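This report concerns only the one structure given below.
Because the structure is predicted, anything quoted here is derived from the model rather than measured.
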Amino acid sequence: ICAGLEIREPALHWFKPDLLDALLAVGADERAEELVRTWEARARSVDRAWALAIAARTRAWIAAASGDLDGALAGFAEALAEHGRSEDPFQHARTLLAQGVIQRRAKRRGDARVTLQRALTGFEQVGAPLWAAKARAELGRIGGRAPSRGELTPSERRIAALVAEGRTNREVAAALFVTERTVEAALTRAYRKLGVRSRAELAHRLARVQP
């Protein structure tokens, strides 16, 4: 039984996400693709959403390296859908960071800014300062005006808008493929920045500032 579990259980290969990223970083895409194929099959056989997310992220990076940006973005979307079925905020933020990088390369600067801001928020929440610095550096590569102090970030604005529509935190989290904790943290910041203390006040305030 143990031997069978060792073959199928991705968690026994806990080092694989970092190994895959390291291989991609040095251009060993073929080796990464070979490893992820086997690991993904194991993850699918036992339905490990966190591992399937990382496998999809790896395949997305490989597609991007070959110049297939549309395929890469589709892969990141698949990865985020799997993250939505698991509780792994650090890896979720890493996937958002990767997606934001490719969105920027694809000239989708608005989407990239929103995605990278979400990644930054995720890294800050889990206490990963070096990764947060990477997200800030990527944000710095995007042209245009960044949110000023006291102004809602794109991710905070999206979450606040959905809450103002009457959606619950769980419904917002499902719609944006984030955790409820991320929604709660973003709402706390939005309340503070807008000077409101309830969902009703938030909806009223956002209605007043709509063009």
Side-chain angles (χ1 to χ4, degrees), residues 47-50 52-54 56-57 60 70 73-104 106 108-128 131-132 135-136 138-139 142 144-211:
D47 193 28
R48 296 292 183 264
W50 66 270
L52 290 171
I54 293 166
R57 182 178 74 203
D70 288 339
L73 292 173
F76 288 127
E78 179 185 343
L80 291 172
E82 294 294 348
H83 280 304
R85 299 196 299 124
S86 66
E87 287 287 338
D88 192 349
F90 176 59
Q91 291 296 341
H92 188 179
R94 285 176 66 168
T95 297
L96 287 169
L97 174 59
Q99 183 188 43
V101 169
I102 300 307
Q103 286 173 330
R104 178 178 58 77
R108 294 171 53 175
R109 293 183 176 85
D111 290 340
R113 185 180 293 283
V114 171
T115 302
L116 291 170
Q117 185 61 53
R118 288 174 60 196
L120 174 58
T121 298
F123 290 134
E124 289 176 338
Q125 289 177 344
V126 299
W131 284 92
R136 290 192 192 93
E138 288 297 333
L139 278 167
I142 301 174
R145 184 178 63 86
S148 61
R149 187 174 299 276
E151 180 182 345
L152 297 187
T153 65
S155 60
E156 290 167 354
R157 193 157 48 243
R158 288 182 67 190
I159 287 172
L162 291 175
V163 168
E165 291 175 2
R167 301 199 197 190
T168 65
N169 287 4
R170 177 171 295 183
E171 289 169 340
V172 174
L176 299 180
F177 299 110
V178 298
T179 65
E180 287 186 63
R181 187 170 64 177
T182 297
V183 173
E184 291 167 1
L187 274 180
T188 297
R189 293 193 300 272
Y191 281 9
R192 183 177 65 252
K193 291 178 179 180
L194 296 176
V196 300
R197 291 182 291 181
S198 70
R199 300 168 96 87
E201 289 182 7
L202 175 66
H204 181 66
R205 178 65 181 273
L206 290 182
R208 285 170 47 199
V209 300
Q210 290 298 324

- Message: Tell me the closest heavy-atom pair linking L202 and A160, and the distance in Å.
- Response: CD2-O, 3.9 Å
- S198 OG to H204 NE2 distance, which is reported to the nearest 0.5 Å: 10.5 Å
- What pair of heavy atoms forms the shortest contact from A79 to T95, and how long is it? CB-CG2, 3.8 Å
- 4.5 Å side-chain heavy-atom contact, V183 and L162: no
- Interatomic distance, E138 atom CD to R113 atom CZ [nearest 0.5 angstrom]: 12.0 Å
- Worked check of side chain to side chain contact (heavy atoms under 4.5 Å, CB included) between E124 and R136: CA-CA 11 Å; E124 289 176 338; R136 290 192 192 93; 2.9 Å; yes
- Query: Do you know which two heavy atoms are closest between A132 and L120, and how far apart they sit?
  - Reply: O-CD1, 3.5 Å
- Task: Answer yes or no: is there a side-chain heavy-atom contact under 4.5 Å between E156 and T121?
- Result: no
- Message: Between V101 and R104, is the side chain to side chain contact (heavy atoms under 4.5 Å, CB included) condition met? List the steps.
- Response: CA-CA 5 Å; V101 169; R104 178 178 58 77; 4.3 Å; yes
- Heavy-atom closest contact (R94 atom, W131 atom, distance): NE-CH2, 3.5 Å
- For a side-chain contact (heavy atoms from CB on, under 4.5 Å) with Y191, tell me which candidate from R197, R199, E201 qualifies. R199
- Note on the structure: Heavy atoms of A119 and A93 approach each other most closely as CB-O, 3.6 Å
- State plainly whether the residues E184 and R181 are in salt-bridge range, i.e. N to O under 4.0 Å. no
- Item | Spatial distance of atom CG (D111) from atom CD (Q103) [nearest 0.5 Å] | 5.0 Å
- Message: Quick check: do R57 and F76 have side-chain heavy atoms less than 4.5 Å from each other?
- Response: yes
- Message: Could you tell me if the side chain of N169 sits less than 4.5 Å from the side chain of I159, heavy atoms only?
- Response: no
- Would you give the length of the straight line joining atom CD of Q91 to atom CD1 of I54, rounded to the nearest 0.5 angstrom? 4.0 Å
- Note on the structure: NZ (K193) and CZ (R157) are apart, to the nearest 0.5 Å, by 9.5 Å
- If the plane angle is over 60° it's perpendicular, under 30° parallel, otherwise tilted; pick one for H92 and H83. parallel
- Message: Surrounding CZ of R85 (heavy atoms of other residues, nucleotides or ligands, distance under 6.0 Å), is the total greater than 12?
- Response: yes
- Query: Which atom pair, heavy atoms only, marks the closest approach of L96 to L80?
  - Reply: CD2-CD2, 3.8 Å
